[in-house]
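Indexing begins at 1, ligand by ligand and atom by atom, following the structure's order. Keep in mind that the numbers below use all heavy atoms, side chains included, and drop hydrogens, waters and symmetry copies.
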Amino acid sequence: MSERLEDIAAAMVADGKGLLAADESSGTIKKRFDVIGVESTADSRRDYREMMFRAKEAMTRYISGVILYDETIRQKAADGTPLVDIIKATGAIPGIKVDAGAKPLAGYPGDTITEGLDGLRERLADYYKLGARFAKWRAVIDIDVAKGVPSATSIGSNAHALARYAALCQVAGIVPIVEPEVLMDGAHDIGTCYEISKATLTRLYTELYAARVVLEGTILKPNMVLAGKKSGKVSSPEEVAEKTIKLFRETVPAAIGGIAFLSGGQSDEEATANLNAINAIGPHPWKLTFSYGRALQAAPQKAWSGKAANVAAAQAAFAHRAHMNHLAALGKWQPELEQAA
Ligand code: 13P
């Protein structure tokens, strides 16, 4: 496969394919395992992820790439095969989360800044050798308007860090996924999500231009425009699609390699229905697909529940969700297809 950044980016959003975000930090995967009553150890994390990477139907047909965590990119399957080789054998591209997490932003209570730039150049060179051809950096923008969150300082600092990260990735031959996640956890309405997302994306692309990042060799991983979870409102797929596309047309250059959404706490079916509605009102200047963590993994996690005997059922659950999102990435999903499973 081509090593040009723009070719890698294009492969990541190839027709109907999307990304599996399996890059939960050790803390986050422990939270997910707590829910299914599985102890989080290096071996249980390996077994769980090996189950997904060996899900042949899902991986070969619907998944273009997998975002890994540092531990996972170095791990070997139970039979000694590196997990990276199992992913590559399915035709999917290995990727790596490289940020060190969101920390409180000094002087701005309620805001965070994502850390991890120090030493990043060397870590990227190491990850390239381990097989990674794309990376991910997640900035977190919370919304609490009454408290002045997010501040302009938070949006600016996070956009600047994303741009420095993206430039370093490209020097290393790695496609940067730039992820400025505006959280859906708050009590805000959909209009506020739109406004904050607009300020965030506007600043992000200003910083990416200033850092001389080659946009064709980048993937944007954004939130959809939605009402906050604590607002008590669920935005319809049609409204989500209309506002999300309006936002992107105003702020996201047509030159970028593509767009792969995060699921951000939407239910599995909501994340699929919204992606489908977005693609159904196309054509658009960019490919729009999925880079889901929770919305792809919740069902297989539950089906697996830490038991080897459940591997086939878990792989089938993963294949179903991946298939539904594949159809949504093409604007061809129908709610009735969920019942069939
Ligand atoms: P969710 O789809 O669970 O939001 O995770 C995607 C991701 O990679 C967040 O950084």
Side-chain angles (χ1 to χ4, degrees), residues 12-13 18-33 35-36 48-49 52 58 62-73 92-103 112-116 132 134-143 158 161-162 165-166 175-186 193 197 200 204 218-226 228-229 240 244 258-275 278 288-302 318 321-322 324-326 328-329:
M12 291 164 69
V13 296
L19 301 163
L20 167 63
D23 59 322
E24 300 85 358
S25 63
S26 300
T28 301
I29 197 75
K30 184 183 178 310
K31 275 191 238 159
R32 308 274 184 265
F33 278 14
V35 175
I36 54 170
Y48 168 64
R49 286 165 171 150
M52 284 192 295
Y62 312 129
I63 301 297
S64 58
V66 182
I67 316 175
L68 300 166
Y69 186 59
D70 180 77
E71 175 186 72
T72 321
I73 200 170
I93 308 167
I96 182 75
K97 168 198 175 77
V98 300
D99 67 71
K103 306 286 161 62
T112 61
I113 178 71
T114 298
E115 297 188 345
F134 69 90
K136 176 188 115 171
W137 178 290
R138 173 173 177 255
V140 181
I141 307 292
D142 203 356
I143 301 181
N158 277 296
L162 276 164
Y165 141 82
V175 168
I177 296 181
V178 291
E179 180 178 7
E181 177 173 4
V182 176
L183 295 179
M184 64 178 290
D185 300 345
C193 176
S197 300
T200 301
L204 173 65
T218 68
I219 298 290
L220 174 66
K221 177 160 173 165
N223 54 284
M224 296 177 188
V225 178
L226 303 162
K229 272 197 159 172
V240 171
T244 302
I259 297 175
F261 289 100
L262 59 98
S263 61
Q266 300 178 58
S267 74
D268 296 1
E269 215 173 304
E270 241 181 289
T272 302
N274 288 335
L275 176 62
I278 286 167
L288 299 118
T289 189
F290 56 92
S291 174
Y292 293 164
R294 282 162 284 183
L296 270 176
Q297 294 185 61
Q301 254 158 32
K302 204 164 158 228
F318 175 37
R321 274 297 11 112
M324 295 298 103
N325 287 311
H326 155 84

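Partners of Glu270 according to the salt bridge (charged side-chain N to carboxylate O under 4.0 Å, His left out) rule, which considers only residues two or more places apart in sequence or in another chain, do not exist here.
Under 4.0 Å is where a charged nitrogen must lie from a carboxylate oxygen, and between Glu24 and Arg49 at least one such pair does.
Looking at Leu19 and Ile177, their side chains come closer than 4.5 Å, going by heavy atoms from C-beta outward. Annotation: side chain of Phe134 is not in contact with side chain of Pro176 (no heavy-atom distance under 4.5 Å).
The heavy-atom pair separating Asn158 from Ile141 by the smallest distance is ND2-CD1, 4.0 Å.
Using modelled atom types, one side-chain atom of Gln297 and one backbone atom of Ala21 make a donor-acceptor pair closer than 3.5 Å.
Contact residues for ligand 1 (protein heavy atom closer than 4.0 angstrom to any ligand atom): Ala21, Asp23, Lys136, Arg138, Glu179, Lys221, Leu262, Ser263, Gly264, Ser291, Tyr292, Gly293, Arg294.
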